[in-house]
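What follows is a short report on a single structure.
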Amino acid sequence: MKDEYDFSGAERGKFFRKGARLVPPVHLEPEVLDYLTARASARGVSLSSLVNTLLKKDIELIDAGK
């Protein structure tokens, strides 16, 4: 790293986008990933689609228990 950086030509907020949504990465354990990948492949859907479907069902169960 340099001792000093020159920010005199910098533009504040250059990459800021109001309302932009950050989608955080989700890290699955290898066994879980292998299982879900196999299930998604067997159903002919994407891994993302399968995981979202499963999570939506879990959300419904949680909300039903309130």
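Hydrophobic cluster membership differs between Phe16 and Leu22, with clusters built from Ile, Leu, Val, Met, Phe, Trp and Tyr side chains linked at under 4.5 angstrom. Taking hydrophobic clusters as Ile, Leu, Val, Met, Phe, Trp and Tyr residues chained together by side-chain heavy-atom distances below 4.5 Å, Ile62 does not share a cluster with Leu55. Ile59 is not connected to Leu61 by any chain of hydrophobic side-chain contacts under 4.5 Å among Ile, Leu, Val, Met, Phe, Trp and Tyr, and they are in different clusters.
The distance from the OG1 atom of Thr37 to the CG atom of Leu28 is 8.0 Å, given to the nearest 0.5 Å. Atom-to-atom distance recorded for Arg39:CZ and Leu54:CG is 11.0 Å, nearest 0.5 angstrom.
Considering every non-hydrogen atom in both Ala40 and Leu50, the closest pair reads N-CD2, 3.6 Å.
A 6.0 Å sphere centred on CD of Glu31 holds more than 12 heavy atoms belonging to other residues, nucleotides or ligands.
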